[in-house]
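What follows is a single structure, written as structure tokens, with notes after it.
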Amino acid sequence: MTRIGIVTGASSGIGRASAIALSKAGWKLVLTARRLEQLKETALLCTNETLILAGDITDEPFIKGVFETAVSHFGRLDLLFNNAGISPRAAPIEELSLEAFQAVIHVNLTGSFLAAREAIKIFKSQTPQGGRIINNGSLSAHVPRPNTSPYACSKHAIAGLTKCISLEGRPFGITCTQLDIGNAKTDISDKHFTVGALQPNGTMLSEPTMDVEQVASTVVHIASMPPDVTMLEVNIMAAGAPYVGRG
């Protein structure tokens with residue numbers, strides 16, 4: 001049976017790499033992100049049928065339309081990779097504006113909630129019932145970096161969302177995984193980690209990174225598991241990343 005998935009934040013980085021890997025594994029996909037031209041580039045790199053829809057993950061009517069389009073075109077939905085997210089400039093709590101804090105929460109948490117809600121509606125209503133959600137968590141869902149309270153709060157909240165989806169979805173064949181990624185090498189993260197990341201002791205450290213393809217292959221592995229198997233939390237990171245013992 002053909003498997004159908006939606007990937008948010010698919011215009012670059014982890015979202016793009018995961019979309020390409022899922023497509024190679026036989027998935028037909030709906031890709032969404034804000035940047036249309038970059039979405040087109042991702043679609044060209046995919047080897048299976050792909051639809052692209054550019055828009056804002058926090059725009060409720062847009063998100064509803066993404067899921068309606070997926071079902072109307074492909075007939076069902078099997079996977080949501082809730083990947084879209086933002087990370088603001090690092091700043092101490094006392095220097096943060098309310099707007100800056102809320103912007104991160106709105107994208108990282110509210111956007112993930114909206115997409116998950118629409119996916120769950122479909123998973124419950126289709127025959128056979130069920131489906132899988134992968135939420136892009138973070139090492140910061142467990143141990144934050146210095147001066148990153150909006151991002152850390154949003155990712156801690158993703159942990160709660162993941163557990164709630166897993167609990168409520170259990171009777172309907174709906175599974176949910178939190179994928180905690182550490183130091184994947186992308187265009188955005190490359191500069192941050194190679195120039196240096198602030199450590200809890202106040203020093204700057206050029207941290208080890210890993211190929212983003214390792215994350216993409218993990219997404220494909222989780223997505224390809226049988227419906228009676230789930231992984232609640234998965235950690236994948238560069239082996240030398242200063243995570244264990246951080247803080």
Side-chain angles (χ1 to χ4, degrees), residues 1-11 13-33 39 42-43 45-53 57 63-85 111-137 158 161-170 172-181 212-234 236:
M1 183 176 69
T2 301
R3 296 169 295 179
I4 311 301
I6 292 176
V7 179
T8 71
S11 58
I14 292 167
R16 171 176 287 183
S18 298
I20 294 168
L22 285 165
S23 183
K24 287 180 180 178
W27 289 77
K28 294 184 178 181
L29 301 171
V30 177
L31 308 179
T32 183
L39 272 179
T42 301
L45 295 169
C46 291
T47 55
N48 214 342
E49 185 177 0
T50 304
L51 301 180
I52 58 173
L53 296 168
I57 190 69
I63 291 302
K64 287 183 176 181
V66 169
F67 285 83
E68 289 168 358
T69 298
V71 173
S72 64
H73 186 84
F74 291 117
R76 66 176 284 112
L77 181 67
D78 302 289
L79 172 72
L80 164 64
F81 182 23
N82 241 339
N83 170 70
S112 294
F113 157 74
L114 288 173
R117 184 189 67 184
E118 297 308 308
I120 290 167
K121 289 178 184 178
I122 295 169
F123 293 159
K124 285 186 176 183
S125 64
Q126 64 191 3
T127 303
Q129 275 188 329
R132 191 178 302 272
I133 295 174
I134 302 174
N135 288 329
N136 190 339
I158 288 296
L161 179 64
T162 298
K163 292 179 177 70
C164 288
I165 293 169
S166 298
L167 177 60
E168 295 183 29
R170 189 184 301 160
F172 305 98
I174 299 169
T175 62
C176 190
T177 298
Q178 179 177 316
L179 180 59
D180 295 323
I181 303 163
V212 71
E213 299 300 330
Q214 297 299 320
V215 179
S217 65
T218 302
V219 170
V220 172
H221 173 68
I222 297 168
S224 302
M225 290 188 299
D228 60 343
V229 178
T230 188
M231 302 171 79
L232 180 63
E233 295 179 358
V234 178
I236 180 169

Inset, instruction - Kindly indicate whether a cation-pi arrangement holds for Lys124 with Phe172, taking the cut-offs as under 6.0 Å to the six-membered ring centre and within 45° of the axis. - result: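 Yes, Lys124 and Phe172 form such a contact.
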Between [X] and [Y], which heavy-atom pair has the shortest distance, and what is it?
X: Ala19; Y: Leu29; value: O-CD1, 3.3 Å
X: Ala70; Y: Ile6; value: CB-CD1, 3.9 Å
X: Gly9; Y: Asn83; value: O-ND2, 3.0 Å
X: Cys46; Y: Leu31; value: SG-CD1, 4.3 Å

Legend entry - Heavy-atom donor-acceptor pair, Gln178 side chain to Ile134 backbone, under 3.5 Å: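 No, the answer is negative, given that no donor and acceptor are paired below the 3.5 Å cut-off.
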Inset, instruction - Determine yes or no for a side-chain-to-main-chain donor-acceptor pair under 3.5 angstrom, with Ser23 supplying the side chain and Thr47 the backbone. - result: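 Judged by distance alone, yes, a pair lies under 3.5 Å.
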Inset, instruction - Check the pair Val7, Thr42 against side-chain contact (heavy atoms from CB on, under 4.5 Å), reporting the backbone distance first and the verdict last. - result: CA-CA 11 Å; Val7 179; Thr42 301; over 6 Å; no
Taking atom [atom1] of [X] and atom [atom2] of [Y], what is their separation to the nearest 0.5 Å?
X: Thr50; Y: Ile20; atom1: OG1; atom2: CD1; answer: 10.0 Å
X: Ser166; Y: Ile133; atom1: OG; atom2: CD1; answer: 8.5 Å
X: Thr127; Y: Gln129; atom1: OG1; atom2: CD; answer: 7.0 Å

Do the non-hydrogen side-chain atoms of [X] and [Y] ever get within less than 4.5 Å of each other?
X: Thr218; Y: Leu179; value: yes
X: Phe67; Y: Val30; value: no
X: Trp27; Y: Asn48; value: no
X: Val234; Y: Asp180; value: no
X: Ile63; Y: Ile57; value: yes
X: Thr230; Y: Thr177; value: yes

With a 3.5 Å cut-off and sequence neighbours excluded, list the donor-acceptor pairs that the side chains of residues 114-121 form with protein atoms.
unit_1	atom_1	unit_2	atom_2	d
Arg117	NH1	Glu60	OE2	3.3
Arg117	NH2	Glu60	OE2	2.7
Glu118	OE2	Lys121	NZ	3.2

Legend entry - Residues that Glu168 engages under salt bridge (Lys or Arg N to Asp or Glu O under 4.0 Å), provided they are two or more places apart: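 Not a single residue meets the salt bridge (Lys or Arg N to Asp or Glu O under 4.0 Å) criterion with Glu168.
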Inset, instruction - Just jot down the salt bridge (Lys or Arg N to Asp or Glu O under 4.0 Å) partners of Arg16, sequence neighbours excluded, or say none. - result: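 Scan of Arg16 (salt bridge (Lys or Arg N to Asp or Glu O under 4.0 Å), adjacent residues dropped) gives Glu41.
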Legend entry - Pairs meeting criterion salt bridge (Lys or Arg N to Asp or Glu O under 4.0 Å) with involvement of residues 72-83, two or more places apart: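 Matches after skipping sequence neighbours: Arg76-Asp78.
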Got a sec, which residues hit side chain to side chain donor-acceptor pair (under 3.5 Å) with [X], two or more places apart in sequence or on another chain?
X: Asn135; value: Asn82, Thr162
X: Lys24; value: none
X: His73; value: Glu49
X: Thr175; value: Arg132

Inset, instruction - List for me each residue that meets side chain to side chain contact (heavy atoms under 4.5 Å, CB included) alongside Val220, sequence neighbours excluded, and say none if there are none. - result: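 Side chain to side chain contact (heavy atoms under 4.5 Å, CB included) check on Val220 returns Ala21, Leu22, Ala25, Ser224.
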Inset, instruction - Just jot down the side chain to side chain contact (heavy atoms under 4.5 Å, CB included) partners of Ser18, sequence neighbours excluded, or say none. - result: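 For Ser18, the residues satisfying side chain to side chain contact (heavy atoms under 4.5 Å, CB included) (neighbours in sequence not counted) are Ile14, Phe81, Ala216, Val219.
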Inset, instruction - Not counting sequence neighbours, list each pair that qualifies as a side-chain hydrogen bond (donor to acceptor under 3.5 Å, both in side chains) and has a residue in residues 63-72. - result: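 Passing the test, one end in residues 63-72: no pairs.
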Inset, instruction - Start with the C-alpha distance between Arg3 and Leu79, add both sets of side-chain angles, then the distance that settles side-chain contact (heavy atoms from CB on, under 4.5 Å), and finish with yes or no. - result: CA-CA 8 Å; Arg3 296 169 295 179; Leu79 172 72; over 6 Å; no
